[in-house]
Amino acid sequence: MSKYIILTKALLKNGNGLLNDDKKKKIKAIAIAAAIIAACIPTIIAFIYFIESAYDMLYKINQQGLIFTVGINFTFIFIFFFAIFYSLNVMYFSKDIENLLPLPLKPWHIIASKFTITLLYEYLTEAAILLPLFIIYGLKGHMGAIYYVYSVILFLTIPIIPLSMASILNILIMRFTNMGNHKDLLKIIGGILAMVLAIVFNMKMQKLGTSGMNQQQILNMLSEGNNSLVGISSKVFPGVSEAVKAIVFSGSFVGLKNIILFLIITLCTLFIFLIAGEKLYFKGVIGISEAPSARRKLNNKDLQKVSRKSSPIKSLVGKELKILFRTPIYFMNCIIMNFLWPVFLLIPFFTEPEVFKNFKRLVPVINDTKWIGIIIIISLAAGIFITSSNLITSTAISREGSNLFVSKYIAVGYDVQLIAKVLSGAIMGMVGILAMLLVILFLMKLPLYMILIVFVSSIPGILFSAMLGIIIDVAFPKLNWDNEVKAVKQNFNGFIAIMVGIGVSVLMAIAAINLNFDKFVMSIIAILLFLIIDCILYKIIVTKGVSLFRNIEV
């Protein structure tokens with residue numbers, strides 16, 4: 001146990017955060033945390049407004065506990081899915097593994113320490129979803145002290161089950177994909193396979209969670225009141241039902257019984273994870289950093305082919321995209337992200353066939369020209385969100401790390417280098433929008449003009465997020481990292497960009513719904529406004545951005 005504690009402390013200090021002994025780094029961490037909170041304010045306000053409205057509506061029928069059913073289920077699913085990527089990066093792809101393996105440590109020491117580090121970051125995700133729920137429900141329901149004790153216990157333990165399950169899945173996958181040559185390719189295949197299995201698992205569990213419940217049963221439960229609906233969708237993950245009942249019925253014996261059951265399930269899941277790690281982790285991680293090299297002799301024709309002339313901007317964009325595709329961590333966290341949102345859109349249609357039938361009824365409504373304004377605003381918001389969530393530009397400078405000195409000496413202007421990074425993020429943002437459009441085409445037949453409207457309307461939003469991301473990262477680059485995970489997943493610049501993207505998208509949606517104004521005129525104003533903002537951001541990049549880039553010390 002002492003080795004686990006020592007290792008965990010060492011990994012935390014190496015994270016350049018608040019636990020670091022360097023005062024400058026502590027101040028920087030505090031400043032970044034303050035910036036994150038500021039960036040999250042619009043999203044938090046919108047989320048609080050939504051929870052309060054939902055609580056008031058459900059309170060009228062005495063089913064207010066349903067917000068915990070939805071909230072805790074969503075938290076489990078969200079943490080599980082993204083933990084697939086994060087735990088994979090931390091446990092297998094970080095370069096500190098090479099230093100840890102020769103030490104006199106057991107497998108469980110390493111995976112438990114890395115699990116703890118991952119868990120701390122998952123608390124940030126959980127706080128954004130569940131903390132407002134706990135506080136608003138407690139204040140509006142005038143809950144007692146036991147409720148708040150249970151809230152703290154659940155907050156600290158809820159991420160353990162989905163994170164343990166994601167880590168177990170990764171251990172099994174990497175045990176059988178870490179073999180032979182082409183390890184980078186196998187890492188990518190293993191990560192994609194883990195993601196596919198996670199999606200399939202979610203779909204199967206959601207079907208299981210809603211099976212056996214017909215509309216009449218739901219209506220009967222609804223009429224009962226007394227939070228009778230809290231168990232409807234609480235079977236997606238083990239422990240969810242117990243967590244929901246523990247907090248909703250915290251003032252009775254039902255709550256006490258369920259909090260105990262939930263803690264037992266949590267400990268069992270964690271124990272299974274540690275056992276699996278002890279048996280399989282070393283077999284999956286040893287030699288994972290090795291890469292084969294291929295040597296071949298180039299003739300004159302080959303030499304001319306690989307050294308052909310190209311424009312600087314085209315070459316730099318190509319270089320950026322090649323690195324993103326060839327580096328497993330960047331591929332899983334920056335490239336794959338552009339294709340996840342269409343997959344999320346498809347999940348309800350596979351789990352609930354009735355949703356597909358109801359969705360098809362929307363086709364005539366969407367084709368009605370009076371809805372074009374709303375469609376344009378939604379497309380613009382989608383471009384902002386998808387591009388900000390792929391983390392490409394918001395980590396572009398940080399990903400250079402100690403190799404940034406190369407950018408200082410190549411015969412290409414800093415402005416061209418920064419714009420090339422912007423274009424690489426914008427291109428993948430457009431790919432994400434096109435993937436979404438392909439899914440929509442699969443679900444419903446839309447006219448070609450509607451597809452063109454959606455794609456063109458998203459471009460100002462894509463450029464906004466791409467340029468904002470590069471401005472954030474060039475102002476606060478994280479160059480001091482020893483593995484690619486820290487450059488992407490432990491880089492708060494990406495988190496700030498995502499929060500800004502979510503906040504702007506949510507504010508646009510609220511404005512479109514609540515403002516009593518012609519939607520088409522509103523959409524045109526929004527497009528023009530973002531085009532003006534894009535021009536301003538471009539000017540900032542080629543002036544202030546270049547100055548900041550020049551002054552970065554490597």
Side-chain angles (χ1 to χ4, degrees), residues 1 5 8 12 18-19 33 37 40 44 47-48 50-52 54-56 58-59 62-80 83 112 115-165 225-271 273:
M1 182 61 73
I5 295 172
T8 303
L12 282 171
L18 293 172
L19 294 181
I37 293 170
C40 292
I44 293 170
F47 190 47
I48 290 173
F50 172 77
I51 295 170
E52 287 183 334
Y55 182 95
D56 292 338
L58 292 169
Y59 181 78
N62 199 16
Q63 297 290 353
Q64 63 272 24
L66 190 60
I67 65 172
F68 276 120
T69 301
V70 176
I72 292 177
N73 266 291
F74 180 75
T75 304
F76 267 69
I77 293 170
F78 194 85
I79 290 177
F80 172 76
F115 182 91
T116 304
I117 302 300
T118 308
L119 182 63
L120 293 176
Y121 280 92
E122 293 298 346
Y123 283 139
L124 296 175
T125 303
E126 185 193 15
I129 303 170
L130 282 187
L131 211 54
L133 280 178
F134 285 134
I135 294 172
I136 292 170
Y137 191 96
L139 293 176
K140 281 188 165 288
H142 305 288
M143 307 302 290
I146 296 177
Y147 167 84
Y148 291 102
V149 171
Y150 284 9
S151 297
V152 172
I153 294 172
L154 289 175
F155 182 84
L156 294 174
T157 53
I158 276 176
I160 293 176
I161 292 177
L163 184 55
S164 296
M165 294 175 69
N226 196 30
N227 286 314
S228 56
L229 288 175
V230 296
I232 282 184
S233 57
S234 300
K235 297 179 182 177
V236 177
F237 281 86
V240 174
S241 178
E242 288 74 16
V244 173
K245 291 176 182 176
I247 194 67
V248 173
F249 303 111
S250 57
S252 66
F253 177 74
V254 174
L256 177 62
K257 181 184 74 173
N258 279 280
I259 195 75
I260 293 172
L261 286 173
F262 176 75
L263 292 176
I264 291 172
I265 293 170
T266 301
L267 290 173
C268 289
T269 309
L270 184 61
F271 181 73
F273 158 66

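Just so it is clear, the values below take in all heavy atoms, side chains as well, and ignore hydrogens, waters and symmetry mates.
- Ile161 has its side chain out of reach of Phe80: every pair of non-hydrogen atoms, C-beta onward, lies at least 4.5 Å apart.
- Between Thr266 atom OG1 and Ile160 atom CD1 the span is 6.0 Å, to the nearest 0.5 Å.
- Glu242 CD to Ile260 CD1: the interatomic distance, rounded to the nearest 0.5 Å, is 12.0 Å.
- Leu139 contributes atom CG, which lies 13.5 Å from atom CZ of Phe134 (distance to the nearest 0.5 angstrom).
- When all heavy atoms are compared, the tightest approach of Asn258 to Ala246 is CB-N, 3.8 Å.
- Between Pro132 and Ala127, the closest heavy-atom pair is CD-O, 3.3 Å.
- Within the 3.5 Å criterion, the main-chain N or O of Ile247 finds no donor-acceptor partner in the side chain of Tyr147.
- Using a 4.5 Å cut-off on side-chain heavy atoms (C-beta onward), Leu256 and Tyr150 make contact.
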Q) Given Leu120 and Tyr123, is the side chain to side chain contact (heavy atoms under 4.5 Å, CB included) satisfied, shown in steps? A) CA-CA 5 Å; Leu120 293 176; Tyr123 283 139; 4.2 Å; yes
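- No more than 12 heavy-atom neighbours from other residues, nucleotides or ligands sit within 6.0 angstrom of CD1 on Ile146.
- Within the 4.5 Å cutoff, the side chain of Phe74 has heavy atoms near those of the Ile129 side chain.
- Between Leu154 and Leu130, the closest side-chain pair of non-hydrogen atoms is not below 4.5 Å.
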Exercise. Tell me, with the steps shown, if Ile67 and Ile136 meet side chain to side chain contact (heavy atoms under 4.5 Å, CB included).
Key: CA-CA 11 Å; Ile67 65 172; Ile136 292 170; over 6 Å; no
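- Within the model, atoms CD of Glu122 and CD1 of Ile158 stand 13.0 Å from one another, a figure rounded to the nearest 0.5 Å.
- Atoms OG1 and CD1, on Thr269 and Ile264 in that order, are 11.5 Å from each other to the nearest 0.5 Å.
- In terms of heavy-atom proximity, Ala83 sits nearest to Leu163 at CB-CD1, 3.6 Å.
- Taking the six-membered ring where the residue is Trp, Phe76 and Phe262 present perpendicular rings, their angle passing 60° and hence far from 30°.
- In this structure, OG on Ser164 lies 12.5 Å from CD1 on Ile265, to the nearest 0.5 angstrom.
- Environment of OH in Tyr148: crowded, with over 12 heavy atoms of neighbouring residues, nucleotides or ligands closer than 6.0 Å.
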